[in-house]
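Below is one structure, written out as structure tokens; the observations come after it.
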Amino acid sequence: MELSEKVYRIVRQIPEGRVLTYGDVARMTGIRSPRVVGIFLHRNPDPAKTPCHRVVNHIGKVSSGYAFGGAEVQKKKLIDEGVPFVKDRVNLRVSLWIR
DNA sequence: ATTAAGGCATGAA
DNA sequence: GTTCATGCCTTAA
């Protein structure tokens with residue numbers, strides 16, 4: 001199985017209103033580099049099954065390039081799901097999905 | 001089967 | 001808050 005599928009699996013398991021960082025996803029998938037995760041999410045995103053909009057960088061800000069249409073959409077979706085945005089940033093302490 | 005290139009987030013000072 | 005440097009995986013020929 002390609003690691004990319006693993007990444008998507010994890011992302012799919014992210015509950016609504018919660019987010020993860022690329023680094024966390026990388027660790028869960030066993031990838032040694034978080035950048036690969038970002039590449040996967042940007043390259044082969046499955047809009048219907050892969051909520052890549054729930055993946056943000058370790059600062060809580062949405063990463064560059066959004067497969068669904070734009071970072072604004074991603075931000076809006078997150079807010080819509082109940083993720084509090086504070087000045088274009090998410091409170092990872094609160095919204096970060098833990099296991 | 002191998003080589004080559006591309007593209008992205010993290011950590012530390 | 002900023003800047004610098006790094007490694008890794010996928011796809012294509």
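Protein chains get the first letters and strands the later ones, always in sequence-line order, with residue 1 at the start of each.
- Checking B:dC8, B:dT10, C:dC9 against the side-chain heavy atoms of A:Phe40 singles out C:dC9 as nearest.
- Take the nearest nucleotide of DNA chain C for A:Ile39 and for A:Arg43: the residue whose nucleotide is more 5' is A:Ile39.
- A salt bridge is absent between A:Glu81 and A:Lys77; no separation between the charged side-chain nitrogens and carboxylate oxygens falls under 4.0 Å.
- Checking C:dC9, C:dT11, B:dT10 against the side-chain heavy atoms of A:Ile31 singles out C:dC9 as nearest.
- Across the protein-nucleic acid pair, A:Lys61 atom NZ and B:dT10 atom C1' stand 16 Å apart, rounded to whole Å.
- Regarding contacts with the backbone of B:dA9, a side-chain N or O of A:Ser63 is found under 4.0 angstrom from either OP1 or OP2.
- What separates CG of A:Asn57 from C1' of B:dG11 is a distance of 13 Å, to the nearest Å.
- Spacing between atom CG of A:Leu41 and atom P of C:dT10 amounts to 13 Å, rounded to whole angstrom units.
- Residue contacts shown for A:Leu3 are limited to sugar-phosphate atoms, with no base heavy atom under 4.0 Å away.
- Computed from coordinates, the A:Lys6 NZ to C:dT10 C1' distance equals 16 Å when rounded to whole Å.
- The shortest side-chain heavy-atom distance between A:Val56 and A:Leu92 falls under the 4.5 Å cut-off.
- Nucleotide C:dT2 holds its C1' atom 12 Å from the CD1 atom of A:Ile59, rounded to whole Å.
- When side chains are defined from C-beta on, A:Leu20 does not count as touching A:Val11, because their heavy atoms never get closer than 4.5 Å.
- Put simply, CG on A:Leu20 is 12 Å from P on B:dT10, counting in whole angstrom units.
- The distance between atom NZ of A:Lys87 and atom C1' of C:dG1, rounded to the nearest whole Å, is 13 Å.
- The side chain of A:His58 lies closest to B:dG11 when the candidates are B:dG11, C:dC8, C:dT10.
- Atom CZ of A:Arg54 sits about 13.0 Å away from atom CG of A:Leu41, to the nearest 0.5 Å.
- Taking atom NE2 of residue A:His42 and atom C1' of nucleotide C:dT10, one finds them 15 Å apart after rounding to whole Å.
- Taking the side chain of A:Arg89 as heavy atoms from C-beta on, and the options C:dG1, B:dT10, C:dC8, the nearest nucleotide is C:dG1.
- Shortest non-hydrogen contact noted between A:Val83 and A:Ser95 is CG1-OG, 3.7 Å.
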